[in-house]
Structure formats: C-alpha cells, structure tokens
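Every chain is numbered from 1 and lettered A, B, ... according to where its sequence line falls, protein lines coming before strand lines.
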Amino acid sequence: MTRCLLLSMHEWKQQHAPRRPRVNRVHLEVGTFTCVEPDQLVVTWSDAVKGTWLDGSELVIETVPLVGRCVRCQATYNPDPADGFHSPCCQHPMEEIVSGRELRIRSVAYGFETATPPPTASCPTPAC
Amino acid sequence: MHMPLEDNLGLNLLAANQHRADHNRAHFDAWNLLCLNVMSSPGAGKTSLLERSLAALSSRWAMAVLEGDMTTLLDAERLGAVGIPVVPITTGRACHLDAAMVSGGLKLLQQRLDPAELDLLWVENVGNLVCPAEFAIGEHRKVALLSVTEGDDKPLKYPVMFREADCVLITKVDLLPHLPVDVERIETHIRQVNPHTAVFRLSATSGEGFDAWHDWLGTQLNAVQSPPALIHA
C-alpha cells in the first residue's frame, strides 16, 4: 500500500514538472472497511520517504467509519462485526455500504522553493 | 522558504494499480477469455481446487494458469503436471499479486501461446486473506476459498475478502464429520457480509460439489465471452 501511495505521489509530482514541489503534508482518507491499518501505514511511510524527495513530509490519515444502509427501511447504521454486520433495525445483512471503503489521497500541502531575488544593482549616483 | 499551497486531489490511493488492472482487463476482453482471481488463506485448497478443475475441464475449455507464490515453484510444478500451461509469478516478500505482476506474467504467457486461443485464465493469488482483496489485477471475477478447518468466524474477521468475492467456495467439506464446525454457520456469516455472492461447498478429495461449481464457471464464461463459449471438441 505504501508503494502504491508513493507511485501516486510520483505521478502527482510529474504534473508539476519541471518545478519541484516540496511536500509538507499528505492527507489520506482511509475507510475502516479496508485492509489498511493507518498506524502501520504512517510508520512505513516515514521509513520509505527517508532520503527521497518526500523526506520530511507528514502523512495524516483521517479514518472514515463504516456506514451501511439497510435496504429494507433505508436507515443508515454502523455495521458491527460483533453483531454480524447486520442492520439493527431490520436484522438485514450488510448489503449497501455508504462509506468505509475509502482509500483516497484527499490533499497534498506543498510549496515551491522561491527564487532568491537578484541583488539590487548598485546605484551609480553617490547620493543614493 | 516556499509559498504554502494545497492540491485537493480526491485521488484513489490505488489509482496506479487500477490503471494497470484496467490495461490487463482490456487485454482479457480483447482475447475473449474469462479471468478468475483465486484467493484464500494459505492451505485453504487453492491448488487442489485447480488440480481437480483443470483435469475435469481441460476437454471443454482451453485454459492456462498464472501461479502466484512468494518464494517457491512447488504449486506451479503441481499444476504443470496436469498438462495445462502454467506461468509462475514469484512475488518475493510481497504478500499479494498486483496488476503489474500479472502484466509481467501475461508477457511470459504470450511467449508460450496465443492468449486469444484461451477460454479461461486462472490466477492463483498468494495465500493471504487480507491484501489480495484490495488489489485488482484486471480479473472478471474474484473467487475466495474458505476451508472448513479454518472455523466459521473467518468471514467476520476478514470481511473485505468475502465482501469482494463474486463466489465463495467452502472447501474440504469431506472433513466435516471429524470437525466441530457448523457449515451452515459459515455460510450464514459469508452472506452477512455479502448477501448476493454465490456459495458452493466442495471437496477436492471426493469431488463433491464440483459439478455445481463448474456449472457456475460456465455461466460466467458465457457472460464474458462473445459469442458464447463453444464446447471444444
């Protein structure tokens, strides 16, 4: 998953070429009904970016809860594995998922190195 | 010093893999074949399933296998003994196949045969109930196996895998008389996370359930192929 994130960031960087963005923060949305463990991703990210163009960037992960919609009564609910994921209203199996499957790069905070302003030409007039 | 900027991307984290998977899928469609991604935990019986299905179906359909394994060629050698073309894909430390690995396997397969002559391409994924569920490889259908020896709680413990599966095969049912396992409960748990998936109970040892499983395969093949699959002489 970290490799996929790095690939996606590389593609994003290419869009800015030839300028070289310096990334401060990458903001992810990760659903709880995915195979991603956010804490583990943060650790592997910090290791993976060392010495690369992303070195020093922070990975911020927003967790998106699993929300289902009962297809019988249309009520939304938080499916619970302990209850077999079924809807508490109608005891219906988890059919429609409203959220929780997100694996998304929401935003990237970055900047460009500003060019050092050229030195001001010295004024030939002594009075200046 | 730099000016603070922010790009709102809304980009799928797996976009790069999905692009590759879409590319693989375009090839599968152009070749008019059905591609299956076969997934399970280690030891659930993927290779035994393939051995039995390949032997039973080889007179009906032209098939090949991309065999994912972390380090060895043992499974590829087992399947090669059936007489079906097998291309091994060793993933090294990676615990799942991704679309790029499958693309590499397809290139090797093309050196041996014309994929357009195939009806069915099996991709046996690395044994793992977690990561393979998230990584598309371009498959038409995902098939998950769960052996009765793994217990009835696995669909609830690894729900993403069983949610993603188009078909779940409950394997090793010949062992049920010897186990304190309720197969009805396994099936109930599968349907709690995926009410509409197809479920079959199989034994690669006795052959129980394979006719129904193969009928399902035929239905999927006809749905994908155009014109519908012809039975090979």
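- Neither the backbone nor the side chain of B:Y158 comes within contact range of chain A; no heavy atom of the residue lies under 4.5 Å from a heavy atom of that chain.
- The two residues B:A15 and A:S8 have their closest heavy-atom pair at N-OG, 4.5 Å.
- Among residues 100-108 of chain A, the residues having any heavy atom closer than 4.5 Å to a heavy atom of chain B are, in sequence order, A:R101, A:L103, A:R104, A:I105, A:R106, A:S107, A:V108.
- Atom NE2 of A:H10 is surrounded by 12 or fewer heavy atoms from other residues, nucleotides or ligands within 6.0 Å.
- In terms of non-hydrogen atom pairs under 4.5 Å with chain B, the most contact-rich of A:R3, A:E29, A:R25, A:M94 is A:M94.
- Residue A:C4 holds its SG atom at 5.0 Å from CG of B:L14, rounded to the nearest 0.5 Å.
- Legend: side chain to side chain donor-acceptor pair (under 3.5 Å) pairs involving residues 81-98 of chain A, not counting sequence neighbours, sorted by first then second residue: A:R69-A:E96, A:R72-A:H92, A:H86-A:Q91, A:H92-A:E95, A:E95-B:H196.
- A heavy-atom distance below 4.5 Å is not found between the side chains of B:R191 and A:P93.
- The local environment of CZ in B:R20 is sparse, with at most 12 non-hydrogen atoms from other residues, nucleotides or ligands closer than 6.0 Å.
- Between the side chain of B:R163 and the backbone N or O of A:F33 there is no donor-acceptor pair closer than 3.5 Å.
- Contact of A:M1 with chain B is made through backbone and side chain together, with heavy-atom distances under 4.5 Å.
- Between the side chain of B:Q192 and the backbone N or O of A:F85 there is no donor-acceptor pair closer than 3.5 Å.
- Of all heavy-atom pairs spanning B:L156 and A:G84, the tightest one is CD2-CA, 4.1 Å.
- Here the closest non-hydrogen pair linking B:A16 and A:E11 is CB-OE2, 4.0 Å.
- Judged purely by distance below 3.5 Å, without hydrogens or angles, the side chains of A:H27 and B:N8 never pair a donor atom with an acceptor atom.
- Ranked by non-hydrogen atom pairs under 4.5 Å with chain A, the options B:L9, B:L11, B:D7, B:V160 are led by B:D7.
- There is no contact between B:D153 and chain A, counting heavy-atom distances below 4.5 Å.
- Across B:V130, B:L13, B:N12, the residue that shares the most heavy-atom pairs under 4.5 angstrom with chain A is B:L13.
- If you take CG on B:L5 and CZ on A:F112, they are separated by 6.5 Å, rounding to the nearest 0.5 Å.
- From B:H19, atom NE2 reaches atom CG of A:L7 across 11.5 Å, with rounding to the nearest 0.5 Å.
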